[in-house]
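Accompanying notes for the structure given below.
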Amino acid sequence: MLSSVVIILMLLLSTAVHRLECFSVATLRANSMRMTKPRGRRARSTVTHLRAIKGVIFDMDGTLTPPGNIDFVGLRDSINSIARSDPNYAEIKSVEGRDVLEVVTMLSPDGKVEAGKVLKELEDKCRENMRLTEGALEVLQDLKSRSISAAVVTRNVTPSLKRLQSILNVHGITLNPMIARDTINERTGEPIPPKPNPDALRSIVELWGYDVSEVLMVGDSLQDDVMAANSANVKSVWINTGIDNATGTQHKEGNPDWTVGKISGITAILEDFNP
Ligand SMILES: [Mg+2]
């Protein structure tokens, strides 16, 4: 009698274990399906992003306007010379390796005035001689024909951007937005920090309403343009002009996604993304 009860209990226990195993396998399979499905969605989403550039942000000096128009070596030497005789030099410590615009902000009030004159003289002269880089107009017209947005971010000042826009107006090209080092952020009431700070790029991506992966930064400076793009997580094209345009920040160069020799080189890159 006792052995019969034991046998019945063992049979019931075996059935329960079998049901539990079946349930576990089914749950595992369901989880497995749930795990694989999102991976597929992510992959498709990434491919979609990689196939469309919706906006291009250009640097101005050396990119849309020809390299060499500004003597960056002479500018650095002039500002550093002012800094070495400035009362704040002890705070500035070593001007070697510092961003030239950062050095200006650290000068005494008199030093800022003197440095401002140097910058103004240089930028006024640059503005008078302003013209477009060979191939720049064709690139901008190509973007317009593809309905790709175009903007500009420069460490130069607003009057230089207005001069650039007046040149482009003749050809029906509009860059929007245009951000200079004196452009005021409407939210903060303060100037938008110049490249390599990424704030200008981030604000443009936000204004356009594009995904960050749909935007390209094009510039001739590894220290400023490419660094800003890297920090903003924006893809970048470095135009290697072979001209020293370093602004002073040593050992801080960005890593471009592409390197071209001329601005016309970005057309082939856009073809790959927007066939
Ligand atoms: Mg430049």
Side-chain angles (χ1 to χ4, degrees), residues 56-79 98-104 118-120 122-137 139-140 150-165 167-168 175 177-183 192-201 204 215-232 234-250 252-266 269:
V56 180
I57 304 170
F58 291 93
D59 164 58
M60 185 177 73
D61 295 305
T63 301
L64 291 176
T65 63
N69 202 20
I70 286 186
D71 176 10
F72 285 98
V73 175
L75 174 64
R76 280 203 313 273
D77 289 347
S78 297
I79 299 297
R98 277 194 188 276
D99 183 307
V100 72
L101 293 179
E102 184 188 358
V103 171
V104 172
V118 170
L119 285 167
K120 186 174 185 308
L122 186 75
E123 288 165 346
D124 286 351
K125 185 180 171 188
C126 169
R127 206 174 303 133
E128 287 171 15
N129 302 327
M130 188 179 282
R131 61 188 172 85
L132 293 175
T133 305
E134 183 183 345
L137 180 61
V139 167
L140 293 171
V152 61
V153 176
T154 181
R155 286 160 56 92
N156 209 309
V157 287
T158 297
S160 298
L161 285 182
K162 287 183 176 174
R163 172 81 179 112
L164 173 67
Q165 186 56 64
I167 293 172
L168 294 174
L175 299 175
M178 305 180 91
I179 297 180
R181 71 168 185 269
D182 55 351
T183 300
I192 298 172
K195 298 170 292 185
N197 186 297
D199 283 5
L201 276 61
I204 292 172
V215 175
L216 196 65
M217 173 77 209
V218 178
D220 69 316
S221 171
L222 287 172
Q223 290 189 344
D224 300 323
D225 307 318
V226 177
M227 273 294 287
N230 288 172
S231 300
V234 167
K235 286 188 278 289
S236 59
V237 181
W238 175 47
I239 303 175
N240 182 3
T241 63
I243 293 176
D244 180 4
N245 62 3
T247 52
T249 310
Q250 293 177 346
K252 287 185 178 177
E253 293 189 341
N255 297 309
D257 295 281
W258 297 271
T259 299
V260 297
K262 296 179 178 177
I263 193 170
S264 55
I266 73 163
I269 295 167

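Counting starts at 1 for both ligands and their atoms, in listed order. This structure is a prediction, so every number in the text was calculated from the model and none was measured.
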Which atom of Ser160 lies closest to which atom of Glu123, heavy atoms considered
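Residues Ser160 and Glu123, closest heavy atoms: OG-O, 4.3 Å.
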
message: If I compare all heavy atoms of Lys235 with all of Asp257, which pair ends up nearest, and what's the gap?
response: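 Minimum heavy-atom contact is CA-OD2, 3.2 Å.
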
| request: Give a yes or no on whether Asp225 keeps an N, O or S atom under 2.8 Å from the Mg ion (ligand 1). | output: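 Short answer: no, not a single N, O or S atom is under the cut-off.
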
Q. Do you see an N/O/S atom of Asp59, backbone or side chain, under 2.8 Å from the Mg ion (ligand 1)?
A.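 A backbone or side-chain N, O or S atom of Asp59 is under 2.8 Å from the Mg ion (ligand 1).
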
Among the N, O or S atoms of Asp220, the one nearest the Mg ion (ligand 1) =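 Going by distance to the Mg ion (ligand 1), the closest N, O or S atom in Asp220 is OD1.
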
Among the N, O or S atoms of Asp61, the one nearest the Mg ion (ligand 1):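 This turns out to be O.
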
Worksheet item: Under a 4.0 Å N-O cut-off, is there an ion pair linking Asp61 with Arg155?
Response: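 No, this pair does not count.
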
Exercise for the section: Using atom types as modelled and distance alone, determine if a side-chain donor or acceptor of Trp238 lies under 3.5 Å from a backbone N or O of Thr259. Expected result: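 Pair absent, no side-chain N/O of Trp238 close to backbone of Thr259.
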
